[in-house]
Amino acid sequence: QVQLIESGGGLVQTGGSLRLSCVASGRTLMDNAMGWFRQAPGKEREFVTGIGWNGVTYYMDSVTGRFTISRDYAKNTVDLRMNSLKPDDTAVYYCAAQSRKGIGSFRRSDAETRAFYDYWGQGTQVTVSS
């Protein structure tokens with residue numbers, strides 16, 4: 001049974017930074033497409049960023065230039081570095097992973113689609129105060 005475990009959430013002031021990490025238990029997912037989504041109260045879960053097995057990355061427009069997704073092969077984690085945080089970034093952040101390794105191409109439409117991912121974490125709260 002694969003479990004994704006997020007960490008690193010918390011409370012930060014506007015303009016601050018946080019680093020979220022996602023680690024998989026049960027197997028390594030470092031050759032799998034992975035993504036981060038978020039869900040604010042009363043809103044749908046939305047795509048934030050994704051990274052393909054080959055390193056290609058995609059970001060939602062509002063976080064481009066502020067957020068960075070990366071893999072830490074030493075720790076077997078996928079990290080989300082968030083800078084210049086805004087109150088609108090307040091949400092529960094979820095890590096997601098595709099179950100298949102190194103599948104074909106990783107298109108933006110794949111990255112943005114919740115159904116593309118087979119595993120999900122429980123989420124970590126990020127709160128940005130104004």
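- For Thr124 (side chain) and Gly9 (main-chain N/O), a donor-acceptor pair under 3.5 Å exists by modelled atom type.
- Between the side chain of Arg81 and the backbone N or O of Leu20, no donor-acceptor pair lies under 3.5 Å.
- A distance-only check finds a donor-acceptor pair linking the side chain of Thr14 to the backbone of Ser129 [under 3.5 Å].
- Both Val48 and Val12 are members of a single hydrophobic cluster when ILVMFWY side chains are connected at heavy-atom separations under 4.5 Å.
- Checked by atom type and distance alone, the side chain of Asn32 pairs as donor or acceptor with a backbone atom of Ser99 at under 3.5 Å.
- The distance between the ring centers of Tyr58 and Phe47 does not fall below 6.0 angstrom.
- Taking CD of Gln122 as the start and SG of Cys95 as the end, the distance is 11.5 Å to the nearest 0.5 Å.
- A cation-pi geometry, defined here as NZ or CZ lying under 6.0 Å from the six-membered ring centre and within 45° of its normal, holds between Arg45 and Tyr94.
- A heavy-atom distance below 4.5 Å is found between the side chains of Glu46 and Met60.
- Of the candidates Glu6, Arg38, Gln125, Gln39, Tyr93 forms a side-chain hydrogen bond (donor to acceptor under 3.5 Å, both in side chains) with just one, namely Arg38.
- In the hydrophobic clustering of this structure, Val56 groups with Phe37; members are Ile, Leu, Val, Met, Phe, Trp, Tyr whose side-chain heavy atoms approach within less than 4.5 Å, directly or through other members.
- Between the OG atom of Ser25 and the CD atom of Gln3 there is a distance of 4.5 Å, given to the nearest 0.5 Å.
- Residues Leu29 and Ala24 share a closest heavy-atom pair of CD1-CB, 3.5 Å.
- Ring geometry for Phe106 versus Phe116: interplanar angle of 30 to 60°, hence tilted.
- Of the options Val78, Val23, Thr77, a side-chain contact (heavy atoms from CB on, under 4.5 Å) to Asp72 is made by Thr77 and by none of the others.
- Counting only heavy atoms from C-beta outward, the side chains of Phe67 and Trp36 never approach each other to under 4.5 Å.
- Taking OG1 of Thr57 as the reference point, atom CE of Met34 lies at 14.5 Å (rounded to 0.5 Å).
- Listed here is the closest heavy atom pair of Ala91 and Ala40: CB-N, 3.8 Å.
- In summary, Asp89 and Lys86 do not engage in a salt bridge, as defined by a charged side-chain N under 4.0 Å from a carboxylate O.
- Contact annotation: the side chain of Leu85 approaches that of Leu18 to within less than 4.5 Å [non-hydrogen atoms, C-beta and beyond].
- In this structure, SG on Cys22 lies 12.5 Å from OH on Tyr119, to the nearest 0.5 angstrom.
- Atom OG of residue Ser70 and atom CD1 of residue Ile51 lie 7.0 Å apart, to the nearest 0.5 angstrom.
- Between the OG1 atom of Thr68 and the CG atom of Asn83 there is a distance of 6.5 Å, given to the nearest 0.5 Å.
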The test is side chain to side chain contact (heavy atoms under 4.5 Å, CB included); show your working for Gln13 and Val128 and say whether it passes.
CA-CA 5 Å; Gln13 292 185 331; Val128 184; over 6 Å; no

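- Using a 4.5 Å cut-off on side-chain heavy atoms (C-beta onward), Arg19 and Leu80 make no contact.
- Looking at Asp79 and Ile69, their side chains never come closer than 4.5 Å, going by heavy atoms from C-beta outward.
- Evaluated for a side-chain contact (heavy atoms from CB on, under 4.5 Å) with Asp110, the options Arg107, Arg108, Glu112 yield exactly one hit, Arg107.
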